[in-house]
Amino acid sequence: MGRGRVQLKRIENKINRQVTFSKRKAGLLKKAHEISVLCDAEVALIVFSHKGKLFEYSSDSSMEKILERYERYSFVGRQQNAASESHFSHENWTLEYYRLKSKVELLQRNNSHYVGEDLDSLSVKELQNLEQQIDTALKHVRSRKNQLMFESITDLQKKVRTIEENNAQLAKEIKEKEKSVALAQQAEWEHQQHHGYSALSFLFPPPPHPSLNIGLASFDGHQ
């Protein structure tokens with residue numbers, strides 16, 4: 001019994017949908033390659049996943065050349081056969097829209113290449129060119145990073161010197177303050193000592209001078 005016809009509708013299960021996408025995408029890329037080789041045809045295939053990830057395939061000619069050829073065949077003929085200026089203007093804007101759209105898609109594709117994604121379709125020469133572009137960009141990034149680091153270190157060194165100078169000034173002020181406090185304490189101690197000695201002298205007067213006692217004793221004996 002043959003297989004039943006698969007009903008085409010959105011696969012609700014997220015995992016099954018991703019597996020199916022990967023398988024069908026691989027088969028589609030394979031078929032595009034086969035028809036380009038077997039029939040000597042120029043083939044361009046662009047696929048965006050539901051997450052916006054780009055997958056593409058182009059035959060020996062570059063994707064840009066095929067897109068440009070597509071634009072010419074799709075829009076230039078209608079421009080030449082336009083019946084009125086307004087119609088021509090509309091077609092002109094349409095051509096410009098698709099031209100800009102193709103540029104945006106090219107930029108998105110290049111951006112994915114720069115981050116190391118979707119590289120399967122690139123040739124060895126294209127990979128070498130991409131590697132050279134990334135190396136050049138990396139040199140600019142490193143140069144800018146080193147410049148910022150040097151400026152940051154210089155700024156930190158200036159701040160350290162300022163802090164050291166402030167600390168030295170504070171230490172000097174503290175030392176002078178301590179010296180001033182010590183002098184005030186010394187003066188207060190001397191003042192207290194002086195007043196203490198005067199009070200003791202008043203309460204306990206010193207004994208008579210020895211020479212005076214001797215003189216009085218002699219005088220009394222003589223009489």
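Position 1 is the first residue of the sequence, and the numbers go up from there.
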Please determine whether the number of non-hydrogen atoms from other residues, nucleotides or ligands lying under 6.0 Å from atom CG of D40 exceeds 12. no
Should the pair K159-D155 be classified as a salt bridge under the 4.0 Å nitrogen-to-oxygen rule? yes
When rounded to the nearest 0.5 Å, the distance separating CD1 of I66 from CD1 of I46 is 9.5 Å
Give a yes or no on whether M63 and V37 share a hydrophobic cluster (residues Ile, Leu, Val, Met, Phe, Trp, Tyr; joining criterion: side-chain heavy atoms under 4.5 Å apart). no
Heavy-atom closest pair (F55 atom, K25 atom, distance to 0.1 Å) is CE2-NZ, 3.7 Å
Measuring only between side-chain heavy atoms, which start at C-beta, is K23 closer than 4.5 Å to V19? yes
Beyond-backbone contact of Y70 with S102, side-chain heavy atoms, under 4.5 angstrom: no
Going by side chain to side chain contact (heavy atoms under 4.5 Å, CB included), name the residues that satisfy it together with E188, two or more places apart in sequence or in a different chain. Q192
Heavy atoms of other groups near L38 CG, more than 12 under 6.0 Å: yes
Please name all residues satisfying side chain to side chain contact (heavy atoms under 4.5 Å, CB included) with R10, sequence neighbours left out, ordered by chain then number. E12, R17
Do K65 and E42 have side-chain heavy atoms sitting under 4.5 Å apart? no
When rounded to the nearest 0.5 Å, the distance separating CG of L156 from CD1 of I163 is 9.5 Å
Listed by chain and number, what are the side chain to side chain contact (heavy atoms under 4.5 Å, CB included) partners of E173, not counting sequence neighbours? Q169, L170
Should we count CD of Q132 as having more than 12 external heavy atoms under 6.0 Å? no
Side-chain touch L45/V47, heavy atoms, less than 4.5 angstrom: yes
Any side-chain heavy atom of K145 sitting closer than 4.5 Å to one from F150? no
